[in-house]
Amino acid sequence: MVDFREATPDELEAWDDLTVHVGGGHVYQSRAWAEHRTASGWRPTFLMGSDGSAVLALCRAWPLIGGAGAYLPRGPVPAGSAEAMAARLRGAATWLAAHGADVVASDAEVPGDPGYAELLSAAGFHPIPEIQPSRHRMSLPLAGFDEAAIRAGLTKSARQRIAAAERDGLAVIRHDRGGDPAGDLFRAPVADPGIAFEAFSRLLISTGERVGFRIGDRAAFVDWWTRAHAAGHLILLEAVADAPAGAAAAGGAAPPSGSGTGGVAATDAAQIAGLVLYRHGGRLTTVHSADDPRARRDHPGLMHLLRWRAIQLALREGRSEMDLGGVDVAPDHAEPAPGSPTHGLYEHKRSFGARWVTMSGAHERIVRSWRYQAGRVTSRLVRMAGR
């Protein structure tokens with residue numbers, strides 16, 4: 001078992017190097033995520049392991065009765081083997097239990113492995129419903145491939161749609177503190193990123209209403225995107241349609257100068273689609289996508305272009321993987337079959353050469369059952385009283 005202790009101030013200064021930038025890392029183990037969740041009543045605990053690992057635990061006290069629940073968001077960062085990973089999770093849970101946690105939950109991104117599940121069971125963990133929307137993911141390996149090889153692996157239809165979107169003059173603006181936002185693929189932003197995040201949140205809500213999902217508190221999403229962007233962990237790619245020279249762009253913005261992949265405008269044109277990416281763990285991960293249905297009708301290759309630009313960016317940054325995110329939904333989180341609600345999205349991601357990767361999913365260890373059950377009851381009562 002790995003022994004844990006609280007991180008020192010000096011170790012906190014290098015925290016993201018140990019939890020985000022390392023192979024297999026995740027932005028939900030970052031200091032930015034800890035700060036964001038603090039506003040929602042969670043107390044972050046930063047733990048250092050005897051094996052050199054670092055783990056962020058978010059703890060929430062039970063009302064009235066004492067004790068707490070603990071959650072390791074997408075943590076611990078995966079180790080080199082199932083045995084090492086299980087030892088890491090067991091050690092973190094042991095420290096948290098000794099410091100008042102009555103239950104410890106983890107949804108570390110570990111590929112499905114019967115051996116790992118058996119090790120977790122032996123350590124007192126059992127599977128629970130997913131905490132994040134998806135359990136599994138669609139992955140496009142990039143290591144050892146160049147852009148031409150990856151593009152050749154796209155379906156013919158995907159290549160045609162990307163080419164059509166490029167001919168349509170669609171520009172992609174890149175909001176990114178982690179690198180040069182322009183280059184030959186993107187237009188550098190002019191407007192404040194907060195304006196783009198607000199516009200994307202409205203587009204995401206509209207898309208959710210159209211396809212049947214809710215994003216929750218819009219202000220909380222914008223707060224998180226702003227923090228993650230400032231830390232260099234998040235990229236927003238927004239598609240805009242170039243207006244003819246001298247004409248006003250949609251939404252009243254002045255038309256950008258130059259081509260769809262260069263030039264600078266006095267203001268950013270109106271956003272017609274967007275894609276949010278995380279930069280972590282040697283990969284880029286697509287997290288949210290949204291578009292205007294009228295724009296999709298006029299530009300059928302709109303989302304194909306945004307995903308292709310994300311893949312191109314991942315290749316140019318030397319990433320080993322383009323993680324296209326999940327397509328599975330509760331309660332079974334099965335690979336989408338024809339006729340299922342997310343089968344179209346599944347086929348869309350497969351058209352880029354992505355493959356389905358089975359993950360181990362969320363688990364928890366109950367330490368003190370009586371207080372855990374009582375804490376759930378008091379938490380529910382407090383929420384109901386606050387309505």
Side-chain angles (χ1 to χ4, degrees), residues 16 19-20 25-44 56 58 60 71 73-75 107 109 130-135 137 172-178 181 189 191-240 251 268 270-280 284-293 295 302-303 306-307 310 323-330 342 345 362 383 386:
D16 288 352
T19 60
V20 180
H26 202 287
V27 297
Y28 292 162
Q29 282 285 299
S30 69
R31 291 189 65 180
W33 183 248
E35 292 165 1
H36 168 68
R37 297 307 290 163
T38 298
S40 300
W42 292 89
R43 176 176 56 83
L56 167 65
L58 298 176
R60 188 191 290 274
Y71 170 40
R74 293 302 192 203
D107 55 3
E109 289 195 313
E130 293 308 304
I131 301 167
Q132 302 297 330
S134 297
R135 175 185 303 165
R137 70 189 197 194
V172 178
I173 297 173
R174 174 181 164 196
H175 298 271
D176 182 9
R177 291 278 178 85
D192 183 275
I195 297 174
F197 291 142
E198 287 286 350
F200 181 72
S201 70
R202 292 191 293 271
L203 201 61
L204 187 60
I205 289 172
S206 176
T207 300
E209 291 173 347
R210 190 171 76 243
V211 301
F213 70 84
R214 294 181 66 255
I215 74 162
D217 185 349
R218 186 168 70 89
F221 270 84
V222 173
D223 175 76
W224 161 237
W225 296 336
T226 302
R227 291 177 187 272
H229 172 263
H233 302 329
L234 181 145
I235 305 160
L236 170 62
L237 302 182
E238 57 172 343
V240 298
D268 289 339
Q271 185 183 110
I272 60 173
L275 186 67
V276 167
L277 311 167
Y278 289 157
R279 176 188 281 118
H280 54 189
L284 294 185
T285 296
T286 61
V287 188
H288 302 293
S289 62
D291 63 350
D292 184 315
L302 181 59
M303 294 309 302
L306 281 176
R307 292 194 193 279
D323 174 6
L324 273 71
V327 293
D328 56 298
V329 295
T342 58
L345 181 60
R383 286 196 301 270

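Residue numbers start at 1 and run along the sequence shown. For the numbers below, each heavy atom of this structure counts, side chains included, while hydrogens, waters and symmetry mates do not. Please read all numbers here as calculations on a predicted model, not as lab measurements.
Within the 4.5 Å cutoff, side-chain heavy atoms of Pro73 are placed close to those of Gln29.
Between Ala273 and Leu203, the closest heavy-atom pair is CA-CD2, 3.6 Å. Across Leu302 and Ala295, no two heavy atoms sit closer than the pair CD2-CB, 3.9 Å. When all heavy atoms of His175 and Pro189 are compared, the pair lying nearest together is CE1-CB, 3.3 Å. The nearest pair of heavy atoms linking Leu284 to Leu277 is CD1-CD1, 4.4 Å. When all heavy atoms of Gln271 and Phe200 are compared, the pair lying nearest together is OE1-CA, 3.0 Å.
With hydrogens and angles disregarded, no donor-acceptor distance shorter than 3.5 Å links the side chain of Ser289 to the backbone of Leu275. One N or O on the side chain of Arg74 and one on the backbone of Asp107 form a donor-acceptor pair closer than 3.5 Å. In terms of modelled atom types and a separation under 3.5 Å, the side chain of Thr342 and the main chain of Leu345 share no donor-acceptor contact. Counting only distance, with no hydrogens or angles, the side chain of His280 and the backbone of Val27 share a donor-acceptor pair below 3.5 Å. Remark: side-chain polar atoms of Glu238 are not paired, donor with acceptor, to backbone N or O of Ile173 under 3.5 angstrom. Side chain of Glu130 to main chain of Ala330: no donor-acceptor pair is present (N/O by atom type, distance under 3.5 Å, no hydrogens or angles).
Rounded to the nearest 0.5 Å, atoms OG1 (Thr285) and CZ (Arg279) are 11.5 Å apart. For the atom pair CZ (Arg31) and OG1 (Thr19), the distance works out to 10.0 Å, reported to the nearest 0.5 Å. Going from atom CG of Leu306 over to atom OG1 of Thr286 covers 11.0 Å, rounded to the nearest 0.5 Å. If you take CH2 on Trp224 and CZ on Phe197, they are separated by 10.5 Å, rounding to the nearest 0.5 Å. Within the model, atoms OH of Tyr28 and CG of Leu58 stand 11.5 Å from one another, a figure rounded to the nearest 0.5 Å. In this structure, CZ in Arg137 is found 5.0 Å from CD in Glu109, a value given to the nearest 0.5 Å.
For the salt bridge (Lys or Arg N to Asp or Glu O under 4.0 Å) condition, the pairs that include at least one residue of residues 194-212, sequence neighbours left out, are Glu198-Arg218, Arg210-Asp291.
By the 30° and 60° cut-offs, the orientation of the rings of His36 relative to Trp33 is tilted.
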Could you list the donor-acceptor pairs under 3.5 angstrom formed between side-chain atoms of residues 226-236 and any protein atom two or more places apart in sequence or on another chain?
| unit_1 | atom_1 | unit_2 | atom_2 | d |
| --- | --- | --- | --- | --- |
| Thr226 | OG1 | Val222 | O | 2.7 |
| Arg227 | NE | Asp223 | OD1 | 3.4 |
| Arg227 | NE | Asp223 | OD2 | 3.0 |
| His233 | NE2 | Asp16 | OD2 | 3.1 |

